[in-house]
Asker: 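Please read through the structure below; I'll follow up with questions.
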Amino acid sequence: MTNTVLVGAQWGDEGKGKVTDLIAHDYDFVVRFQGGNNAGHTVIHGDRKLALHLMPSGVMYEQSTPVIGNGVVVDPGVLIKEMAMLEAEGISCKKLKISCDAHIIMPYHKDLDGADEKRLGENQIGTTKRGIGPCYQDKVARKGIRLQDLMDERIFRLKVETALSQKNAILQKVYGLHTYTVEEICDEYLPYGNILRPYMAETSQLLDDALRAGKSILFEGAQGTLLDIDHGTYPFVTSSSCCAGGALTGTGVGPKAIDRVLGIEKAYVTRVGAGPFPTEQRYAEDGGSPEEAAIGELLCQEGHEFGVTTGRKRRCGWFDAVIGRYAVEVNGLTDVALTKLDVLSAFDTIKVCVAYECEGKRYDYFPMQQSVLFHAKPIYEELPGWKGQDITGCRAFEELPANAQAYVKHLEEITGANMSFVSVGPDRDQTIVRNWYR
Ligand code: IMP
């Protein structure tokens with residue numbers, strides 16, 4: 001039985017949902033460890049596609065227990081709606097366990113997220129405006145409100161009162177926004193507490209017991225390596241630890257529990273929100289040349305690159321091996337799942353960035369300074385494509401056209417990753433499993 005951490009290896013949206021869906025049913029526990037409802041992935045239920053934002057995908061499998069760890073920030077209204085949606089689809093949420101140490105996203109966090117983005121103007125991060133950043137800010141500032149606080153009305157009121165004495169002043173005086181009363185917030189949130197109370201648990205103990213009993217755990221990461229608060233393209237990141245290390249602090253298990261770290265990587269790269277992206281093929285509206293824009297549009301259309309959570313058009317670009325190597329390093333990836341290889345069937349030739357150039361200097365590794373990344377010019381290799389050959393029906397690596405095989409092997413070589421899965425289409429069975437064992 002192995003315990004696996006699954007993480008995004010780029011800027012999120014790498015297809016973690018599909019890979020999770022592929023392997024999650026093998027695990028006794030499926031645990032979210034960071035982020036909140038800024039995440040979004042689609043799971044397939046019979047002939048229906050369901051969008052999950054907060055619920056661990058283990059909820060879809062009878063034998064798995066879904067767990068929301070202490071590192072997650074929970075918008076209780078969103079979670080309750082998601083549970084109701086799942087129950088209406090005939091999917092039971094009975095087994096869900098939520099850490100009572102998880103922090104709560106409050107209404108003022110969402111207001112402040114939006115207002116702060118507006119204040120930043122051109123320099124904005126492009127957040128999902130779900131209140132993620134402000135909630136983590138309060139956590140680190142030791143001013144947050146946790147799910148367990150909902151279990152004691154007196155404590156909850158007191159904490160809300162203390163929080164509002166500061167938040168109302170900021171909302172009103174800095175941003176000219178409406179303020180909240182303690183009553184308003186208690187009327188909305190205390191009933192959430194009553195609904196969620198049966199699911200709240202001391203989840204680190206639950207997972208420790210599970211590990212001692214030889215049960216297996218899948219730690220389900222959200223967002224991606226380059227959106228990690230420490231290792232990402234700061235400040236254009238989310239506010240949590242999306243890398244593999246976050247699985248430990250976000251759940252309370254020790255490092256020896258982890259056997260494998262599976263990184264999910266697209267065969268090209270996408271990003272939503274602002275921030276540096278060296279291999280971006282900019283759209284015409286973003287100032288891209290006609291050639292660039294044509295490539296960007298083709299990747300976007302062929303790859304259906306629109307956000308599940310926000311519906312935003314994603315920025316698209318060629319595969320970046322500098323990032324690939326960095327993701328292997330900072331996560332200790334033992335395996336990679338390469339997704340959306342079929343999207344590249346639309347191209348005559350395919351470019352891969354092997355290093356960057358900035359002010360006459362070559363960078364084979366992720367540059368130390370963010371400003372280098374902003375001005376980095378990709379050094380590309382151009383590989384022959386397999387245009388016109390439909391690879392969506394391939395189920396064994398040897399069935400792929402020779403150029404597609406060579407492309408995958410080349411990426412393995414230049415990033416140092418073992419590509420254990422290659423995905424050739426959106427459906428569960430459109431996957432080539434190369435050397436994945438449990
Ligand atoms: P926040 O997480 O809403 O604070 O947004 C911070 C940055 O992370 C923004 O650039 C978002 O677009 C990005 N981001 C957050 N969640 C996701 C995700 O699930 N996929 C891709 N990008 C994300």
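Atoms within a ligand are numbered from 1 in the order they appear, just like the ligands themselves. Just so it is clear, the structure is predicted and the values come from calculations on it, not from any experiment.
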Asker: Answer side chain, backbone, both or neither: which part of Arg312 comes under 4.0 Å from ligand 1, heavy atoms only.
Answerer: side chain
Asker: Between Asp13 and ligand 1, does any nitrogen or oxygen pair lie at a separation below 3.5 Å?
Answerer: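 Min N/O separation from ligand 1 is below 3.5 Å for Asp13.
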Asker: Evaluating non-hydrogen atoms only, which member of Gly126, Ala39, Gly36 is closest to atom 9 (C) of ligand 1?
Answerer: Gly126
Asker: Classify the angle between the aromatic ring planes of Trp318 and Phe347 as parallel (below 30°), tilted (30 to 60°) or perpendicular (above 60°).
Answerer: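 Rings of Trp318 and Phe347: perpendicular, as their planes differ by over 60°.
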Asker: Answer yes or no: is there a donor N or O on one side and an acceptor on the other, between the side chain of Thr127 and the main chain of Lys129, under 3.5 Å?
Answerer: yes
Asker: If I apply the N/O under 3.5 Å rule, does Gln223 come out as touching ligand 1?
Answerer: yes
Asker: One thing to verify: whether Asp138 and Lys143 come together as a salt bridge, which I'm taking to mean a side-chain N less than 4.0 angstrom from a carboxylate O.
Answerer: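 Salt bridge flag = no for Asp138 with Lys143.
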Asker: Any heavy atom of Val237 closer to ligand 1 than 4.0 angstrom?
Answerer: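 Right, Val237 reaches ligand 1.
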Asker: Got more than 12 heavy atoms from elsewhere within 6.0 Å of CZ, Phe374?
Answerer: yes
Asker: If you measure from each heavy atom of Arg130 to ligand 1, is any distance below 4.0 Å?
Answerer: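 Judged by the 4.0 Å heavy-atom criterion, Arg130 does not count as contacting ligand 1.
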Asker: Is it true that the side chains of Glu202 and Ser204 contain a donor and an acceptor less than 3.5 Å apart?
Answerer: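 There is such a pair (donor and acceptor under 3.5 Å, judged by atom type) between the side chains of Glu202 and Ser204.
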Asker: Test of understanding: given a 4.0 Å heavy-atom threshold, classify the contact between Trp11 and ligand 1 as side chain, backbone, both, or neither.
Answerer: backbone
Asker: Could you work out, for atom 3 (O) of ligand 1, the closest of Val272, Thr128, Leu227 by heavy-atom distance?
Answerer: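 Minimum heavy-atom distance to atom 3 (O) of ligand 1 goes to Thr128.
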Asker: Could you tell me if Arg315 sits above the aromatic ring of Tyr283, with its cationic atom closer than 6.0 Å to the ring centre and no more than 45 degrees from the axis?
Answerer: no
